[in-house]
Amino acid sequence: MAGVEQPCYTLINFPTDSEPYNEMQLKLDLEKGDIKKKIEALKKTIGIILSGEKIPGLLMIIIRFVLPLQDHMIKKLLLIFWEIVPKTTPDGKLLQEMILVCDAYRKDLQHPNEFIRGSTLRFLCKLKEPELLEPLMPAIRACLEHRHSYVRRNAVLAIFTIYRNFEFLIPDAPELVANFLDGEQDMSCKRNAFLMLLHAEQERAHQYLAARLDQVHAFGDILQLVIVELIYKVCHTYPHERSRFIRTVYELLNAPSAAVRYEAAGTLVTLSCAPAAIKAAAACYIDLVVKESDNNVKLIVLGRLGALRAAGGHAAARALPDLAMDLLRVLAASDLDVRRQTLHLALELARPRHAEELVGALRKEAARAQLADHDDADKYRQLLVRALHRAALKFPEVAPTVAPALLELLGDGAEPAALDVLLFLRHALHAFPELRPAVYGKLLAAVGAVRVGKAARPALWLVAEFAESEDDARAALDVLAAALPTRPREEEEGAQDESAKEKETPARQLVTSDGAYATQSAFNLPKAAAVSSMSHVACRRAPAGESAAGGLSAALRDGESFTAACACSALAKLALRAQRPALANRALHLAASLLAYHKQSKGAAGLTADDVEHGAVCVRAAAARPGVARDALLAGSRRALHALLALPERAAPALLPDAEVQRAAREADAAEREARRADVERGITFAALSPAADAQHHDIFELSLSKALQEDSLIIKAPRVVAGRPGGPDRGKLSKVTQLTGFSDPVYAEAIVAVNQYDIVLDVLVVNQTDDTLQNCTVELATLGELRLVERPAGVVLAPRDFASIRAHVKVASTENGIIFGNIVYEVSGAGTDRGVVVLNDIHIDIVDYIQPAACSDADFRHMWAEFEWENKVSVNTNITDLREYLQHLLASTNMKCLTPDKALSGQCGFMAANLYARSIFGEDALANLSIETPLARPGAPVVGHVRIRAKTQGMALSLGDKINLMHKSPPKQAEPIAAA
């Protein structure tokens, strides 16, 4: 049974390049060496045994010459040695030499040094041989009365382990430990004793706690944690006991330990669904988030608070809104993710009675954030703008106070928050007609300072779209006229050169020969100097937004070509809205002058041919005023805006990156609940008999322990649900098996590849298919790509037809494909120095194991698309003839999410364009744009087109491209038929 791993309690790292051992030298050092040599020899012996080799000749030498020594380092090494050394013969009988070792254990249990006693007791917890433990039971019992707490608490653990594994050795253990618990004063000893009663005989622990309910608040935190676990288990088993213990749980919400308060809050909401209990638990969670310094802990507690809101139902809806303002205290944290979760949760909890206070707090936070200069300051300001946007839409009565605060954050449009401010203004101008005059006036006052093209274009559209009255159109034209360039570029450049030359002329001496200052009237200055002075004063008095040097004027004069085209569209729309011919003519004149200005420009600042045509068409349409153009520019754009804002995903900006995923999951759950019907013939699922019962029927402590130990990692990596049938754990394991050698090779090997976040675990099964004993059978591995082998797997000895399991860990550094290759090297016993080598098949690590579907807004997608520098364009080469089928095949193969809504993909037009997005476990983003079509002239022809991939790293872009090329060669998976019930 070499393939069965023994329990491991200690991890020891030995260098892989150590020299081969000499058994005679080891015997000599252990027998006649000094303390230092014996320590080194004992370490080498432990390493040899851990590598799978057996040295039976050293056992008696260690018993005779090393075991009697009293050196503490040797005592520690001996505990490890006795743990790993084989203690039985091949037929399962205890070795005779172990009788001497057992006597040494007994002496150590009676040693005057408390450290040796306690270490020996901890070692006895690892023994699985009852023959060795039986003679030691009196000494173990005696350790319960030792003067030192270290010995007593380890004695309790030893008794607990022995009772759990071999109850016949100490059948009265619960009574013994209960009596010990009554008289013990040390908290660590009481915690271990209470823990044993909790798992061994819960009724005694229940009685002990019931008699001391009034003293629980004075216990230590380690004991209080066990008490919380007991209360949960007792109330889970006996629901009628809840009223007896719930007051104790309430008291533990105020415990000094943060861990106790966290567990008590989680237990309280499982024991009671009353609004008072939910409110007390939520207040405890908020207090933990505010006082805890670790950002990971903050995120975990915020997640629990969000889960409490989602699962609390009507009681949570009544209790939690009062805590929305208390939750805003968490915004003092520095981590952006913590702030994002806090704002999202606060807006979900807030009710209309909190609207004024909530918006006031967010406005103060926004004003404070404007002065911040840390790395995430821009993103935090953008987050606050989105939060205020959502608050204004959720509580329309506070919209008048939100608009001024957000317009202060517009600035020159350079910050990421500027676009979100304009999105709010678009929504506010459309949804709140009563606020339109005030908001529009503030927009006109701020638009002159916008100098960034991506912010100037939506601002110009808003100015033209919502100028509904004659006064609004006149004010808008005044703002645009002040910003439009009026002179050709050559004259401006000449004027700038002349002003520069005037600045370079030296100033005249205004000091007389005797050293006194001369006085001169401004009327006696030369004409050029006077004109320059007056122009300087005029520039100083002009508003900043209307200055020729910056603001909107700079965006129209020196900015992107499309910005000027958008200005022509805005002026044409203003001309159509104007009732008076003079006002319309003024707008057309301004648009024509802007086109003429750029037509005379040279170099990169001139308009492109498309933008010139766009601007000219707008001017001609505004001059001719045809009914179709008037309807398209005035009424059509408003209808399109109304339809856009009616979409759920565009109703309000998302605060969380995966908010759309969560929303889709909630909608799917709601649809599933609606579709669920209990038919008469439907079978009944018993939670106790079902292997995949709901989590609510399981012990939350056992579930959390399983998650911590990652016992369900293979289940998580199981195949996806096929036709409504999820794969089980065994099916998941078998799907990960990779054959490494052939069936006719001397050594057969196969591996189970498990990807766990940042590391890959290879569980290699090695089978000796020969009749010879293979020594030093080693799996030698190497990697290609961003993979790193953590440690070299240790060699094993394989008997004829024997097998062994060898585990290797590979660290993952980035999101890209990788290859693991290598060979198996072994030596045949009695064959001299010849070594056998079996080359292994390559193991390809798929990028899909690292990336997960994610969601982002259209603005974020465009921003990342422009920012990422690595692009990989993949041509579509497939036999699939349906556009939707190809898209689904692409999503299933690359593990990406389609951001384009289904409504936009519906219909049959022979063409499809979609945006895809995914995020890796390392936080890297992957973008893809799908553009495919089916030739209309050739029915049944395969899909053609291309997929453009963009990523921040070259490896991720290339790996996704390789995955798509590989996908083209594999047919889409068909859904398996569902078997009849």
Novice: Please find the pair of heavy atoms, one from Cys125 and one from Thr161, that lie closest to each other, and give the distance.
Specialist: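 It is O-CG2, 3.3 Å.
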Novice: Under the criterion ring-ring contact (aromatic ring centres under 6.0 Å, His included), which of Trp82, Phe81, Tyr105 is the partner of Phe123?
Specialist: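 Exactly one candidate clears the test, Tyr105.
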Novice: Between atom CG of Leu209 and atom CD of Gln215, what is the distance when rounded to the nearest 0.5 Å?
Specialist: 10.5 Å
Novice: Please give me the minimum heavy-atom distance between Leu144 and Arg152, naming the atom from each residue.
Specialist: O-CD, 3.4 Å
Novice: Take Ile99 and Asp103 through the test side chain to side chain contact (heavy atoms under 4.5 Å, CB included) and record every step on the way to the result.
Specialist: CA-CA 6 Å; Ile99 302 298; Asp103 185 64; over 6 Å; no
Novice: Between Gln25 and Asp29, do the side chains contain an N or O donor and an N or O acceptor separated by less than 3.5 Å?
Specialist: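 Short answer, yes.
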Novice: Quick one: closest heavy-atom pair of His809 and Leu789, and the distance?
Specialist: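 The answer is O-CD1, 3.7 Å.
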Novice: Tell me whether Glu131 at atom CD has more than 12 heavy atoms from other residues, nucleotides or ligands lying less than 6.0 Å away.
Specialist: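 Yes - once you tally the heavy atoms of other residues, nucleotides and ligands closer than 6.0 Å, there are more than 12.
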Novice: Roughly how far apart are Leu268 CG and Arg261 CZ, rounded to 0.5 Å?
Specialist: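 Rounded to the nearest 0.5 Å, the CG-CZ separation comes out at 14.5 Å.
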Novice: Rounded to the nearest 0.5 Å, what separation is found between the CD atom of Gln224 and the CD1 atom of Ile231?
Specialist: 10.0 Å
Novice: Would you mind listing every side-chain hydrogen bond (donor to acceptor under 3.5 Å, both in side chains) that reaches into residues 186-195, with sequence neighbours excluded?
Specialist: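 Qualifying pairs: Arg153-Ser188, Asp186-Ser188.
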Novice: Does Arg204 make a cation-pi contact with Tyr208, if we ask for NZ or CZ under 6.0 Å from the ring centre and within 45° of the axis?
Specialist: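 No, a cation-pi geometry is absent between Arg204 and Tyr208.
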Novice: I want to know whether His199 and Tyr163 have ring centres closer than 6.0 Å.
Specialist: no
Novice: Less than 4.0 Å between a side-chain N and a carboxylate O, is that true for Lys44 and Glu40?
Specialist: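 No salt bridge links Glu40 with Lys44.
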Novice: How long is the straight-line distance from CD1 of Ile140 back to CD1 of Ile162, given to the nearest 0.5 Å?
Specialist: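 Here the interatomic distance stands at 3.5 Å.
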